[in-house]
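Okay, structure first, notes after.
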Amino acid sequence: MAARLAQLRAQAARAAEFASKHGGSYYKEVMEKNKQYVVQPPTVEKCQELSKQLFYTRLASLPGRYEAFWKELDGVKQVWKNRKELKVEDLGIATLFGVELYAWFCVGEIVGRGFTLTGYKV
């Protein structure tokens with residue numbers, strides 16, 4: 001355990017050294033590439049205004065999302081009503097989609113546990 005801790009400390013030191021050497025140039029490069037997205041003047045008040053705009057824009061999109069949800073649900077209901085007419089190919093695709101969803105759920109759980117397979121750290 002002590003050897004692993006020393007190894008992690010060495011890796012952290014190397015990462016900090018790399019960030020201190022190259023962080024400034026990376027920042028300048030990123031800012032230069034994305035300067036069209038920077039709002040002038042970059043002040044706290046402007047950031048607060050933009051965050052309010054984002055919040056209310058997302059709030060305004062809720063009715064459209066609500067309608068889209070009900071349209072999707074109606075489509076699922078139609079498929080369920082006509083399930084006797086489904087082809088084996090369609091069922092296979094739906095099954096693969098469900099397996100993929102479950103796999104991504106498992107990956108998220110593993111990441112949430114800190115990349116351990118055995119359980120949560122308590």
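None of these values were measured; they are calculated from a predicted model. Note: hydrogens, waters and symmetry copies are ignored here, and every other heavy atom, side chains too, is used.
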* Minimum side-chain heavy-atom gap C47-E45 below 4.5 Å -> no
* Side chain R83, main chain W80, donor-acceptor under 3.5 Å -> yes
* To do: Taking all heavy atoms of T116 and all of R113, pick out the closest pair and write down the distance.
  => O-NE, 3.2 Å
* Should L50 and Y56 be counted in the same cluster of Ile, Leu, Val, Met, Phe, Trp and Tyr side chains packed under 4.5 Å apart? -> no
* Joint hydrophobic cluster, L62 plus F55, side-chain heavy atoms closer than 4.5 Å -> yes
* Asked: Hey, is the main chain of V30 close enough, under 3.5 Å, to the side chain of N34 for a donor-acceptor pair?
  -> yes
* Asked: In terms of heavy-atom contacts, does CD of E72 have more than 12 from other residues, nucleotides or ligands at under 6.0 Å?
  -> no
* Check the hydrophobic clustering (I, L, V, M, F, W, Y; side-chain heavy atoms under 4.5 Å; chains of links allowed) and say if I93 and V99 are grouped together. => no
* Reported CZ-to-CZ distance for the pair R58 and R65, which is rounded to 0.5 angstrom -> 6.5 Å
* Applying the 4.5 Å side-chain criterion to the ILVMFWY set and letting contacts propagate, would Y102 and I110 be lumped into a single cluster? -> no
* Salt bridge between R14 and E17, side-chain N to carboxylate O under 4.0 Å? -> no
* To do: State whether the number of non-hydrogen atoms from other residues, nucleotides or ligands found under 6.0 Å of E89 atom CD is greater than 12.
  => no
* Roughly how far, to the nearest 0.5 Å, is the CH2 atom of W70 from the CG atom of D74? -> 8.0 Å
* Ion pair K33/E29, N-O distance below 4.0 Å -> yes
* In Å, rounded to the nearest 0.5 Å, how long is the span from CG of L73 to CD of Q78? -> 11.0 Å
* To do: Dump the intermediate steps for side-chain contact (heavy atoms from CB on, under 4.5 Å) on E109 and V111, then the final yes or no.
  => CA-CA 5 Å; E109 283 291 308; V111 169; over 6 Å; no
